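Remember, it's a predicted structure, so these values are computed and weren't measured experimentally. Basis for what follows: all heavy atoms, side chains included, without hydrogens, waters or symmetry-related copies. Sequential numbering from 1 along the given sequence is applied to the chain's residues.
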Amino acid sequence: MGDVYVEFFSDEALENIMTMLRYHPERIIYLGHKHNMITKKMKSLRKFASVTSPETVLEFIEVPRDSLDLCIQTIDDICEEYPDAHFELTGGGEMFLIAFGYVSAKRKTNTLRIDPYTGTEMDFNNGDAPVTIQTGIRISVAENIILHGGVLRAPMTNWRFTEQFRDEIRTIWGVAQELRHNWNKHCSVIEEVVKNYPADENGVYRIPKAALRDAVQILQRLSEVSMMDFFRYERSQVIFRFRSKQIREIVTKTGNILELHVYEVATRKPTEFTDAVVGAVIDWDGEAVPEPNPEDGRPKSETINEIDVILMRSAVPTFISCKSGRADSKALHELETVTSRFGGKYAKKVLVMASPCDTSTSGSSFFKQRAKDMHIWVLDDIYSLTDEQLIRKLQRIQGA
């Protein structure tokens, strides 16, 4: 008979997958109560298992939560059928844990606990002192979303992170740091102007100087740092071509450079975070509706959220919302809603702001206190941070 592990079913999805990730066993038995072992959660867990441990059989056993005797009997029956079963003690309701204590007092049981935060396993089967093991457990951003019942869709912009593009991000971020709040203001103008004066078949823009106004500063500065193929004035027009489509995408959408900067810094060393996604589009139920929306091509009637950056360290996600302009309480609540749904209590929440949050005003003080109450980290004045300072802050948030 193959290896069998028993998990006490938890409301926190991450607590249900520790033995699956660590051992990929032949069978995992989940013991739970009707109020939390609902069909949707079991379906998500099966879908996650099909991706991460397809050979593992999942079995769900429901026991009334007000019956200690039935909990004891169920655990006893499992011990009889699978005498070498391992019981993982991370999650589960107190009734099952009391029942397990009663059973383990009468018979020898194999017990362990794997901490979802650190991936550290404690094995209690080797004498008086538990043995601590670093497991190296990890999941991807896409797998984490599946675990919580959603699907990671293709991002709106499919960035290609070559070394050249990383260099371009760093260069353009340097220009944004110089211009600060004017970067955001000028990008908004350029975003609107290129819609009204589209490029020709060769990607060349011919835009009236009067339409660009002060926003021409960005284009001129980008030309000076070799981010344009060419840039010149001709009578009442500005004629230019971006060096690449990706550079054009950065300049013609407000806020792109901030989230790309955060992602580029976080992923510069592959050892810092185990996975990362920029512009993550999350489909809440993962069930696509065939008929597309004519405006954006996405299926109708879907609940969709976009998170600017998601970082993974082992099995713990960090959800990052980037604001190049002002942020209000709505931004905090949106971040809280998505993180709670697709990360649970273990996930980290970060609001990154390009400009400083002036704590001298009562409104800003309330904002930061509200964020603190919601356990949201606020990293403001990113323009003033060095790359090293930013990565240290992200590491601290993840507990590294």
Side-chain angles (χ1 to χ4, degrees), residues 153-265 267-268 277-281 292-298 306 308-309 322-325 352 354-355 382-383 387:
R153 297 295 187 195
M156 300 298 286
T157 303
N158 189 20
W159 305 106
R160 299 181 304 283
F161 281 88
T162 61
E163 285 307 311
Q164 177 179 318
F165 185 50
R166 287 179 177 275
D167 287 340
E168 290 168 348
I169 291 171
R170 290 190 281 268
T171 299
I172 297 172
W173 176 250
V175 174
Q177 284 181 300
E178 294 172 13
L179 296 175
R180 290 185 169 255
H181 71 278
N182 281 329
W183 172 272
N184 207 41
K185 182 175 70 174
H186 294 338
C187 276
S188 296
V189 173
I190 294 172
E191 183 176 1
E192 185 63 29
V193 167
V194 296
K195 292 177 184 176
N196 297 331
Y197 301 92
D200 64 20
E201 64 275 10
N202 296 313
V204 177
Y205 288 92
R206 299 175 182 272
I207 298 178
K209 285 190 288 186
L212 282 168
R213 304 189 301 278
D214 290 344
V216 76
Q217 293 177 25
I218 285 184
L219 303 176
Q220 186 165 344
R221 189 70 188 94
L222 290 175
S223 178
E224 292 168 359
V225 294
S226 304
M227 294 295 104
M228 311 285 276
D229 277 341
F230 56 82
F231 170 87
R232 67 177 184 269
Y233 295 100
E234 192 172 286
R235 296 186 178 87
S236 62
Q237 288 186 321
V238 179
I239 302 174
F240 61 90
R241 183 171 67 196
F242 295 106
R243 197 171 84 178
S244 71
K245 180 181 178 181
Q246 297 203 120
I247 292 174
R248 185 191 69 200
E249 290 292 327
I250 293 175
V251 180
T252 57
K253 184 179 178 185
T254 304
N256 268 352
I257 187 57
L258 178 59
E259 61 188 68
L260 286 171
H261 168 66
V262 172
Y263 176 88
E264 194 278 321
V265 170
T267 59
R268 198 171 292 174
V277 172
V278 61
V281 178
N293 190 319
E295 293 182 4
D296 57 15
R298 296 192 179 280
E306 184 171 355
D308 295 321
V309 181
C322 299
K323 297 297 180 184
S324 57
V352 170
S355 302
I382 299 299
Y383 283 139
D387 295 354

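- Only one option out of W183, Y383, W173 pairs with H261 in a ring-ring contact (aromatic ring centres under 6.0 Å, His included); it is W173.
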### Message
With side chain to side chain contact (heavy atoms under 4.5 Å, CB included) as the criterion, how do I207 and F240 come out once you've worked through the C-alpha distance, each side chain's angles and the decisive distance to 0.1 Å?
### Response
CA-CA 9 Å; I207 298 178; F240 61 90; 3.8 Å; yes
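- Checked by atom type and distance alone, the side chain of D308 pairs as donor or acceptor with a backbone atom of C322 at under 3.5 Å.
- Side-chain contact between V278 and P155 is absent, with no heavy atoms from C-beta onward closer than 4.5 Å.
- Expressed to the nearest 0.5 Å, how far CZ of R221 lies from OG1 of T171 amounts to 10.0 Å.
- The shortest side-chain heavy-atom distance between F242 and M228 falls under the 4.5 Å cut-off.
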#### Entry: Worked verdict on L179 versus K185 for side chain to side chain contact (heavy atoms under 4.5 Å, CB included)
CA-CA 10 Å; L179 296 175; K185 182 175 70 174; over 6 Å; no
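- Using bins of under 30°, 30° to 60° and over 60° for the plane-to-plane angle, the ring pair F165/W159 lands in the parallel bin.
- When atom types are taken as modelled, the side chain of R243 and the backbone of S226 share a donor-acceptor pair closer than 3.5 angstrom.
- Atom CD1 of I169 sits about 7.5 Å away from atom CD of Q246, to the nearest 0.5 Å.
- Although no hydrogens or angles enter the test, the distance criterion places no donor-acceptor pair under 3.5 Å between the side chain of N202 and the main chain of V204.
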Quick one: side chains of residues 209-217, donor-acceptor pairs under 3.5 Å with protein atoms, not counting sequence neighbours, listed by atom name and distance.
| residue | atom | partner | partner atom | Å |
| --- | --- | --- | --- | --- |
| K209 | NZ | R235 | O | 3.2 |

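- Residues passing the side chain to side chain donor-acceptor pair (under 3.5 Å) test with R268, sequence neighbours excluded: E264, D387.
- In terms of heavy atoms, I257 sits closest to A176 at CG2-CB, 4.4 Å.
- Distance NZ/K323 to OG/S355: 13.5 Å, rounded to 0.5 Å.
- Pairing each heavy atom of S324 with each of G255, the nearest pair is OG-CA, 3.6 Å.
- Qualifying salt bridge (Lys or Arg N to Asp or Glu O under 4.0 Å) partners for E201, counting only residues two or more places apart in sequence or in other chains: none.
- Here CD of E178 is found 11.0 Å from CD1 of I218. Values are rounded to the nearest 0.5 Å.
- In this pair, F161 and Y263 present their aromatic rings tilted. The plane angle is within the 30 to 60° band.
- Between N182 atom CG and C187 atom SG the span is 10.5 Å, to the nearest 0.5 Å.
- Residues F231 and Q220 are in side-chain contact: their nearest non-hydrogen atoms beyond the backbone lie under 4.5 Å apart.
- Taking CD1 of I190 as the reference point, atom CZ of R248 lies at 13.0 Å (rounded to 0.5 Å).
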